[in-house]
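To start, the structure under review is shown below, and the notes come after it.
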Number of protein chains: 2
Amino acid sequence: MATMTAAQKKAQAKAEYDAFLDVCPSRKLLDRLSDKWVVLVLAALGGDCDGTPQGMRYSELSRLLAGVSQKMLTQTLRALERDGLISRTATPTVPVTVTYELTPLGGSLYGTVRALKAWAQDHMDDVLAHRATYDASEA
Amino acid sequence: MATMTAAQKKAQAKAEYDAFLDVCPSRKLLDRLSDKWVVLVLAALGGDCDGTPQGMRYSELSRLLAGVSQKMLTQTLRALERDGLISRTATPTVPVTVTYELTPLGGSLYGTVRALKAWAQDHMDDVLAHRATYDASEA
DNA sequence: CAGTATCCAGCTAGATACTG
DNA sequence: CAGTATCTAGCTGGATACTG
């Protein structure tokens with residue numbers, strides 16, 4: 001087992017690191033937000049598309065977020081529901097009707113995300129300019 | 001080629017979607033932030049580890065962010081430098097000395113990110129509680 | 001309509017080895 | 001010290017097909 005020492009050290013370092021990440025609430029939030037579709041669903045339900053926050057049906061979301069697969073939409077919706085950020089309401093009409101909407105908690109998160117969006121709008125052209133300069137001097 | 005119609009439609013939808021993402025500055029920012037190490041590097045240089053923002057050497061970062069591979073650290077550093085969020089200073093001493101520090105732009109981004117962190121600290125236990133409730137009713 | 005289940009391609013990121 | 005280069009395992013997410 002002496003040959004495992006290096007690998008074990010690696011594994012332990014990784015375990016410690018994972019524990020650190022696991023304890024860190026910001027990291028968890030970031031992981032959620034970094035899911036490709038989470039923010040877009042938040043934006044859709046938050047009213048970024050038509051002005052006012054409102055409930056939406058599964059198929060509406062699917063249409064609005066062109067490019068999302070059923071799998072990812074369902075997965076995203078489930079994750080957000082699990083976290084209490086959106087609520088799911090099923091109405092037992094003949095073809096079932098399911099509506100999703102932002103909870104107050106989800107709304108508050110969306111508010112914070114909009115702050116990020118504001119930063120992006122204010123500073124993203126600076127970033128892009130830097131990028132262009134950097135790329136030019138690299139060539 | 002008639003058999004390609006469906007695939008073509010998909011491809012076109014994807015292209016349109018990509019174009020949408022490409023135009024959206026918030027999305028770009030989110031993509032950057034969602035890189036596992038970006039925020040941690042920002043935090044390290046922003047002074048989250050010892051109180052005051054300061055420059056750090058490559059090897060210091062590497063030690064501080066236990067678990068990061070050389071590849072990812074370099075990649076992350078390059079990306080942030082390219083975007084003008086951090087600056088790289090090489091001092092031609094005998095073994096080269098390279099220092100990284102936050103630019104004003106990087107500092108302002110880090111400030112915004114701290115707002116997210118604040119949300120996480122304020123609301124993450126709510127989220128966790130919802131998660132527990134959800135999981136319990138699922139079983 | 002609103003999903004669930006399965007399979008698989010592509011990209012990401014870690015391990016490893018080498019360099020100015 | 002501070003990287004660069006390469007190879008590959010594993011996970012993410014898309015396509016596809018089926019169901020209450």
Side-chain angles (χ1 to χ4, degrees), chain A residues 3-15 17-18 21 31-38 40-41 55-82 86-101 138, chain B residues 3-15 17-18 21 31-32 34-38 40-41 55-82 86-100 138:
Chain A
T3 56
M4 290 284 291
T5 313
Q8 282 174 341
K9 274 168 70 180
K10 292 279 180 182
Q12 192 187 351
K14 186 178 172 15
Y17 169 73
D18 286 347
L21 279 196
D31 282 344
R32 221 349 86 75
L33 251 34
S34 67
D35 260 281
K36 199 175 174 181
W37 303 104
V38 164
L40 293 176
V41 169
M56 285 189 114
R57 312 213 0 214
Y58 182 92
S59 48
E60 285 183 279
L61 283 168
S62 169
R63 221 172 309 117
L64 203 54
L65 311 182
V68 69
S69 62
Q70 287 186 325
K71 181 186 175 181
M72 288 322 291
L73 183 53
T74 302
Q75 202 173 98
T76 303
L77 256 15
R78 284 285 173 283
L80 291 175
E81 189 199 354
R82 186 166 108 99
I86 63 174
S87 63
R88 178 181 184 275
T89 316
T91 315
T93 49
V94 175
V96 219
T97 305
V98 179
T99 308
Y100 293 92
E101 55 187 327
E138 285 294 294
Chain B
T3 55
M4 289 285 289
T5 313
Q8 283 174 339
K9 274 167 70 179
K10 293 278 179 179
Q12 191 186 352
K14 184 175 175 16
Y17 170 73
D18 286 346
L21 280 197
D31 282 345
R32 229 336 98 71
S34 68
D35 260 280
K36 200 176 176 183
W37 303 102
V38 165
L40 294 177
V41 169
M56 285 188 115
R57 311 214 3 215
Y58 182 91
S59 48
E60 285 183 280
L61 284 168
S62 170
R63 221 173 309 117
L64 203 56
L65 311 182
V68 69
S69 61
Q70 288 186 327
K71 181 184 173 182
M72 288 322 292
L73 183 53
T74 301
Q75 202 173 97
T76 304
L77 255 16
R78 283 286 173 283
L80 290 175
E81 190 199 353
R82 186 166 106 100
I86 63 175
S87 62
R88 177 180 184 274
T89 315
T91 315
T93 48
V94 174
V96 218
T97 305
V98 180
T99 308
Y100 293 93
E138 285 292 295

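Below, read A as the first sequence line, B as the second, and so on, with proteins coming before strands; counting in each chain starts at 1. Only a predicted model underlies this, so the values are computations on that prediction, with no experimental measurement involved.
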Taking side chain as C-beta onward, heavy atoms only, is A/V98 less than 4.5 Å from A/Y100?
yes

With a 4.5 Å limit on heavy-atom distance, are the side chains of B/V41 and B/L77 in contact?
yes

Round to a whole Å and report the spacing from [atom1] of [X] to [atom2] of [N].
X     : N      : atom1 : atom2 : answer
B/R63 : D/dA2  : CZ    : C1'   : 13 Å
B/Y58 : D/dT4  : OH    : P     : 8 Å
B/D35 : D/dT12 : CG    : P     : 15 Å
B/L73 : C/dA15 : CG    : P     : 14 Å
B/M56 : D/dC1  : CE    : C1'   : 16 Å
B/M72 : D/dA2  : CE    : C1'   : 17 Å

Name the residue closer to the 5' end of DNA chain C, choosing between A/P95 and A/K71 according to the nucleotide with the nearest heavy atom.
A/P95

Between [X] and [N], is there a side-chain N or O to OP1/OP2 distance below 4.0 Å?
X      : N      : result
A/K36  : D/dG14 : yes
A/R78  : C/dT4  : yes
B/R88  : D/dG3  : yes
A/Y100 : C/dG3  : yes
A/S59  : C/dA2  : yes
A/R57  : C/dA2  : yes

Go through the N and O atoms of the side chain of A/Q70 and the base of D/dA17, and report whether any donor-acceptor pair is under 3.5 Å.
yes

Verdict with supporting geometry, B/Y58 and B/Q70, side chain to side chain contact (heavy atoms under 4.5 Å, CB included):
CA-CA 10 Å; B/Y58 182 91; B/Q70 288 186 327; 3.8 Å; yes

With the side chain of A/T74 defined as its heavy atoms from C-beta on, choose the nearest nucleotide among D/dG14, C/dG3, C/dG14.
C/dG3

Of the candidates D/dG20, D/dG13, D/dG3, the side chain of A/Q75 sits closest to D/dG13

For A/V38 and A/R32, the nearest pair of non-hydrogen atoms, with its separation, is CG2-O, 3.4 Å

Of all heavy-atom pairs linking A/T93 and A/P95, the shortest is OG1-O, 2.8 Å

Pairwise 5' ranking along DNA chain D for B/L77 and A/S34, keeping only the more 5' one:
B/L77

With both distances under 3.5 Å as the test, what is the Watson-Crick or G-U wobble partner of D/dC18?
C/dG3

Base, sugar-phosphate alone, or nothing: which one does A/V98 contact when heavy atoms must sit under 4.0 Å apart?
sugar-phosphate

